[in-house]
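I have placed the structure first, in the form of structure tokens, so that the comments after it can refer back to it.
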Amino acid sequence: MATTWNGTAIPDPEGWDYSEDFVGAQYIVSDGTLVTDSVASKRRISLRWALITTAQKDTILGLATTQSSTSLVLVGAAGVNVEPMRGTFRASPVGVTPAWDVSCEVRTTA
């Protein structure tokens, strides 16, 4: 099973991490009590690719800067609907070869 994002085949990530993405607020009131107003708890997924081509980098850039919810299917994981976390896309050229190290983050919609 290949990795796809919005139905587009992309290289399998070198790695990815899941973390909680709390949507809401926490604050301390005058008596010292911590109050939590929770709207939702989503998952943030940090994706990393190593030594991919310029064309693959450009495909991921297009997907990572879209303004819509899309499906993401990772090898060895269930598919989820995600929205890109704007401002998290990073790309670094590797040496003098046309290869790139790329990373970005997405957040689940449900």
(request) Compute whether any side-chain donor of one residue and acceptor of the other, for Thr33 and Asp31, lie under 3.5 angstrom apart. (result) yes
(message) Within the 3.5 Å criterion, strictly below it, is a donor on Trp5 or Ser71 matched to an acceptor on the partner's side chain?
(response) no
At what distance, to the nearest 0.5 angstrom, does [atom1] of [X] lie from [atom2] of [Y]?
{"X": "Ile10", "Y": "Thr4", "atom1": "CD1", "atom2": "OG1", "answer": "7.5 Å"}
{"X": "Ser46", "Y": "Tyr18", "atom1": "OG", "atom2": "OH", "answer": "11.0 Å"}
{"X": "Gln26", "Y": "Thr36", "atom1": "CD", "atom2": "OG1", "answer": "3.5 Å"}
{"X": "Leu47", "Y": "Leu74", "atom1": "CG", "atom2": "CG", "answer": "6.0 Å"}

(request) Keeping to residues at least two apart or across chains, list the salt bridge (charged side-chain N to carboxylate O under 4.0 Å, His left out) pairs with something in residues 45-72. (result) Asp17-Arg48
(message) For residues 78-97, which residue pairs pass the salt bridge (charged side-chain N to carboxylate O under 4.0 Å, His left out) check, not counting sequence neighbours?
(response) Glu83-Arg107
(message) When you group the ILVMFWY residues by side-chain heavy-atom contacts below 4.5 Å and let the links chain together, are Val82 and Phe89 in the same group?
(response) yes
(message) Using side-chain contact (heavy atoms from CB on, under 4.5 Å), reason through Thr8 and Thr59 one step at a time and then give a plain yes or no.
(response) CA-CA 9 Å; Thr8 303; Thr59 298; 3.9 Å; yes
Closest heavy-atom contact between [X] and [Y]?
{"X": "Asp101", "Y": "Ala50", "value": "OD1-CA, 3.3 Å"}
{"X": "Pro13", "Y": "Thr3", "value": "CD-OG1, 3.7 Å"}
{"X": "Trp16", "Y": "Ala77", "value": "CZ2-CB, 4.3 Å"}
{"X": "Ser68", "Y": "Pro84", "value": "O-CD, 3.6 Å"}
{"X": "Thr109", "Y": "Ser69", "value": "CG2-OG, 3.4 Å"}
{"X": "Trp49", "Y": "Pro11", "value": "NE1-O, 2.8 Å"}

(message) Using side-chain heavy atoms (C-beta onward) and a distance below 4.5 Å, is Ile28 in contact with Val35?
(response) no
(message) Does any part of the side chain of Leu51, heavy atoms only, come nearer than 4.5 Å to the side chain of Val94, both counted from C-beta?
(response) yes
(request) Please report the C-alpha distance between Glu105 and Ile45 in whole Å, then the side-chain angles of each, then the deciding distance to 0.1 Å, and finally whether the side-chain contact (heavy atoms from CB on, under 4.5 Å) criterion is met. (result) CA-CA 6 Å; Glu105 295 183 9; Ile45 306 169; over 6 Å; no
(request) Please confirm whether the backbone N or O of Leu63 pairs with a side-chain atom of Thr66, one donor and one acceptor, at under 3.5 Å? (result) no
(request) Would you please test Val106 and Leu72 for side-chain contact (heavy atoms from CB on, under 4.5 Å) and show each step? (result) CA-CA 9 Å; Val106 296; Leu72 175 66; 4.1 Å; yes
(request) Take Val80 and Arg43 through the test side-chain contact (heavy atoms from CB on, under 4.5 Å) and record every step on the way to the result. (result) CA-CA 10 Å; Val80 293; Arg43 287 182 291 161; 3.3 Å; yes
(message) Taking Arg44 first and then Asp21, would you say they form a salt bridge - that is, a charged N and a carboxylate O separated by under 4.0 Å?
(response) yes
(message) Let's go through Gln56 and Thr53 carefully: what are the C-alpha distance in whole Å and the side-chain angles of both, what is the deciding distance for side-chain hydrogen bond (donor to acceptor under 3.5 Å, both in side chains) to 0.1 Å, and is it a yes or a no?
(response) CA-CA 5 Å; Gln56 291 169 326; Thr53 68; 3.3 Å; yes
